[in-house]
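Below is one structure; the comments refer to it alone.
Just so it is clear, the values below take in all heavy atoms, side chains as well, and ignore hydrogens, waters and symmetry mates.
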Amino acid sequence: KEAKAFHKQLADWFDEFDPSSERKLIARYVRYFDIAWKHGVQIVLSAGFVGVFWIVLLLGGSLFNLIGIKFVSELIEKPWFFLPATATMFAAAVHLTDVRAGLIKGIRTVALTLLSWLLPVLVVLATAFLLALPFTGLDPLWKTRSAAGILLSAAATLIILLNAAYQDGEPDGVVPLVLRVAGRTGGMLLVPLVAIAIYALWLRIGQHGLTPDRIVAAACALVATVYALGYAFASLRLGRWMLRLEITNVAAAFLSLAVLLSLFSPLADPARLSVDAQMARLAAGKVTPEAFDYKFLRFEGQRYGRKALESLKGRGGEAGRRAGEALAMAESGRWSEPDTPRTVPVAAIDVWPKGRTLPASFLEMDWSNQQGDRARCADVDQQRCSATFLDLDGDGREEIAIAQYGRLYVYAATPEGKWSSIGFYAVSDCGKQETLTNAVRAGTLKTLTPLWRDIEVAGRRFGIAPSDNGCINVPASQAIPDPDLQATRP
């Protein structure tokens with residue numbers, strides 16, 4: 001009798017948690033919902049439990065440190081301790097929450113109910129965003145260089161909130177009118193959000209080719225397309241609220257598994273596809289050997305990239321030389337700046353006053369060899385710079401000053417006729433409307449005698465850095481003459 005009772009209890013447990021207990025390929029949606037959200041709540045609670053566990057350990061280590069015992073703090077920093085300890089605590093938390101199915105179900109219901117009321121908020125924001133696009137155009141999106149990722153993230157959040165409102169879809173559940181309207185609207189909003197994300201990703205790939213990140217983004221876009229089309233159909237379908245959402249969720253889940261298996265297999269290995277695409281761009285002449293990203297092949301192309309570099313090296317020429325240099329790079333070279341010459345981006349600099357031009361020697365300067373701070377015209381968000389000419393050291397020769405992001409970068413000519421970065425002025429608007437760029441364009445930028453003398457330390461000269469009160473105007477009569485200013489370059 002005891003064996004039969006245990007067998008029945010075990011069978012009931014499997015019937016509750018195992019979809020295959022329904023003995024059919026596709027289980028009922030409510031079974032998928034229960035299991036998926038149960039595991040989701042378990043993961044969140046277990047992660048929180050592990051976090052509190054480590055807070056307790058760190059607090060205990062701090063207590064022992066107070067009395068000069070460092071053993072506990074040193075112990076918890078050891079990999080052989082914190083890795084198994086973290087895994088053990090996470091497993092214990094999963095086990096403890098697993099035997100409390102009723103408690104997990106209650107927490108899940110409360111969490112989903114709270115999340116569902118965020119759905120109208122996101123729907124209003126997404127609607128306002130899409131309505132504003134015809135007036136702003138798509139250019140601001142492209143300038144972010146992360147439009148596809150942001151739009152896909154917004155779509156994923158909208159999907160999660162829709163499911164939080166729908167929950168298991170049982171007909172006895174009463175969904176408020178506000179959530180029903182927001183759900184149908186949100187289901188239709190997914191289509192334009194995902195479409196714009198796909199378009200942004202397509203443009204980026206067309207310009208710069210495939211990379212592992214873009215391949216993963218394309219995979220996410222594929223799954224998001226299924227969600228968008230399915231949810232839009234569920235929104236337009238009359239009858240029970242968003243009923244077709246169930247079919248979409250199950251189909252998207254199987255598609256997600258297939259996509260993951262493909263990405264982790266040679267079939268759609270992101271590294272292999274990226275290397276093949278970049279090599280095809282080089283072979284087709286879409287990118288020159290000088291501008292080709294050899295570091296990408298070396299550090300992100302994995303074995304496919306290294307094989308491609310060896311192939312380029314064997315061909316010789318400029319591409320072969322650069323491929324050999326990339327193969328010889330140490331791991332630390334992954335984060336180093338490229339050693340290719342970077343000339344001044346003339347097209348991104350406006351010269352003032354009108355009619356003046358930058359010297360040829362300045363335009364031919366290799367910015368990659370400049371040390372310290374320098375203007376980064378068009379490097380970030382395609383921002384332009386404004387350049388003007390000032391005699392900042394009183395030697396009768398003009399320096400070039402480039403304004404960008406509230407800084408005025410100064411370049412001076414050396415006796416050999418080359419240009420070198422001297423430093424920059426950090427300019428605050430001090431609450432006024434006139435910005436540094438406007439001052440350069442209007443020609444109101446001028447040099448003044450320093451109010452405070454420079455100091456010399458170990459043969460080096462230092463000027464004073466303004467404090468928070470640097471916006472207070474000081475009468476010109478208080479300026480201290482500096483006789484060395486006219487004789488010594490800063």
Worksheet item: Is the shortest heavy-atom distance from the side chain of Leu273 to the side chain of Tyr304 under 4.5 Å?
Response: no

Worksheet, complete the sentence: By salt bridge (Lys or Arg N to Asp or Glu O under 4.0 Å), Arg272 pairs with (sequence neighbours left out) Asp276

Fill in: Shortest non-hydrogen contact from Pro140 toward Gly137
CD-O, 3.5 Å

Fill in: Residues Ser274, Phe296; criterion side chain to side chain contact (heavy atoms under 4.5 Å, CB included); working and verdict
CA-CA 10 Å; Ser274 300; Phe296 165 76; 3.6 Å; yes

Worksheet item: Distance only, no hydrogens: is a donor on one side chain within 3.5 Å (strictly under) of an acceptor on the other, for Glu246 and Tyr32?
Response: no

Worksheet item: Quick one: CG on Leu141 to CG on Leu133, what's the gap to the nearest 0.5 Å?
Response: 6.0 Å

Item to complete: Would you name the heavy atoms of Ile43 and Phe90 that are closest together and state the gap between them?
Response: O-CE1, 4.2 Å

Practice prompt. Tell me, with the steps shown, if Leu408 and Leu445 meet side chain to side chain contact (heavy atoms under 4.5 Å, CB included).
Written response: CA-CA 11 Å; Leu408 190 70; Leu445 195 67; 3.9 Å; yes

Worksheet item: Does Arg244 offer a backbone N or O that forms a donor-acceptor pair with the side chain of Thr248 under 3.5 Å?
Response: yes

Worksheet item: Got Ile160 and Leu162 here, is their nearest side-chain heavy-atom distance under 4.5 Å?
Response: no

Discussion item. Within the 4.5 Å heavy-atom criterion, are Leu161 and Thr157 side-chain neighbours or not?
Written reply: yes

Fill in: Side-chain touch Leu390/Glu398, heavy atoms, less than 4.5 angstrom
no

Please list, one pair per line, the donor and acceptor atoms closer than 3.5 Å that link side chains of residues 208-234 to other protein atoms, with sequence neighbours excluded.
{"unit_1": "Thr211", "atom_1": "OG1", "unit_2": "Arg214", "atom_2": "N", "d": "3.3"}
{"unit_1": "Arg214", "atom_1": "NH1", "unit_2": "Gly209", "atom_2": "O", "d": "2.8"}
{"unit_1": "Thr225", "atom_1": "OG1", "unit_2": "Ala221", "atom_2": "O", "d": "2.7"}
{"unit_1": "Tyr231", "atom_1": "OH", "unit_2": "Asn163", "atom_2": "ND2", "d": "2.9"}
{"unit_1": "Tyr231", "atom_1": "OH", "unit_2": "Asn249", "atom_2": "OD1", "d": "2.5"}

Item to complete: List in chain and number order the residues that pass salt bridge (Lys or Arg N to Asp or Glu O under 4.0 Å) with Arg321, two or more places apart in sequence or in another chain; answer none if no residue qualifies.
Response: Glu318, Glu325

Discussion item. Can you list everything that forms a side chain to side chain donor-acceptor pair (under 3.5 Å) with His95? Sequence neighbours excluded, please.
Written reply: none

Practice prompt. Could you give me the CA-CA distance, side-chain angles and deciding distance for Glu399 and Asp391, then say whether side chain to side chain contact (heavy atoms under 4.5 Å, CB included) is met?
Written response: CA-CA 6 Å; Glu399 284 74 45; Asp391 183 7; 3.9 Å; yes

Practice prompt. Answer whether the closest heavy-atom distance between the side chains of Val275 and Glu300 falls below 4.5 Å.
Written response: no

Worksheet entry | Note, Leu130 side chain near Thr127 side chain (heavy atom, < 4.5 Å) | no

Sequence neighbours excluded and cut-off under 3.5 Å, please list the side-chain donor-acceptor pairs for residues 72-82, or say none.
{"unit_1": "Ser73", "atom_1": "OG", "unit_2": "Gly61", "atom_2": "O", "d": "3.3"}
{"unit_1": "Ser73", "atom_1": "OG", "unit_2": "Asn65", "atom_2": "OD1", "d": "3.1"}
{"unit_1": "Ser73", "atom_1": "OG", "unit_2": "Asn65", "atom_2": "ND2", "d": "2.9"}

Worksheet entry | Side-chain donor or acceptor of Ser146 paired with backbone N/O of Gly149 under 3.5 Å | no

Discussion item. Could you work out, with ring-ring contact (aromatic ring centres under 6.0 Å, His included) as the rule, every residue matching Phe292, not counting sequence neighbours?
Written reply: Tyr294

Worksheet item: How long is the gap from OG1 on Thr388 to CH2 on Trp352, to the nearest 0.5 Å?
Response: 10.0 Å

Using distance only, find each side-chain donor-acceptor pair of residues 305-314 under 3.5 Å and give its atom names and separation, not counting sequence neighbours.
none

Fill in: Which residues share a side chain to side chain donor-acceptor pair (under 3.5 Å) with Trp202, sequence neighbours left out
none

Response to the item:
Between the OG1 atom in Thr288 and the CD atom in Glu290, the distance rounded to the nearest 0.5 Å is 4.5 Å

Worksheet entry | Check: Trp419 ring centroid to Phe362 ring centroid under 6.0 Å | yes

Worksheet item: Any side-chain heavy atom of Arg441 sitting closer than 4.5 Å to one from Ser386?
Response: yes

Cut-off 3.5 Å, no hydrogens considered: what does the side-chain donor-acceptor table look like for residues 182-201, sequence neighbours left out?
{"unit_1": "Arg184", "atom_1": "NH1", "unit_2": "Ser235", "atom_2": "O", "d": "2.6"}
{"unit_1": "Arg184", "atom_1": "NH1", "unit_2": "Arg237", "atom_2": "O", "d": "3.2"}
{"unit_1": "Thr185", "atom_1": "OG1", "unit_2": "Val181", "atom_2": "O", "d": "2.8"}

Discussion item. To the closest 0.5 Å, what do you measure between CZ (Arg356) and CG (Leu358)?
Written reply: 9.0 Å

Item to complete: Check whether any side-chain heavy atom of Val410 lies under 4.5 Å from a side-chain heavy atom of Leu392, and answer yes or no.
Response: yes

Discussion item. To the closest 0.5 Å, what do you measure between CG (Leu57) and CE (Met89)?
Written reply: 8.5 Å

Worksheet, complete the sentence: salt bridge (Lys or Arg N to Asp or Glu O under 4.0 Å) filter on Arg108, not counting sequence neighbours, yields Asp34

Worksheet item: Excluding sequence neighbours, so at least two apart, what forms side chain to side chain donor-acceptor pair (under 3.5 Å) with Ser116?
Response: none

Practice prompt. Work out which heavy atom in Leu122 is nearest to a heavy atom in Ala154; give both atom names and the distance.
Written response: CD2-O, 4.2 Å

Worksheet item: Phe264: what forms a ring-ring contact (aromatic ring centres under 6.0 Å, His included) with it, not counting sequence neighbours?
Response: none

Worksheet item: Looking at OG of Ser262 and CG of Leu260, how far apart are the two atoms once the value is rounded to the nearest 0.5 Å?
Response: 8.5 Å

Worksheet item: Is the backbone of Ala326 close enough, under 3.5 Å, to the side chain of Arg298 for a donor and an acceptor to pair up by distance?
Response: yes

Fill in: Chi angles and distances behind the side chain to side chain contact (heavy atoms under 4.5 Å, CB included) call for Leu297, Met279
CA-CA 9 Å; Leu297 299 183; Met279 291 295 290; 4.1 Å; yes

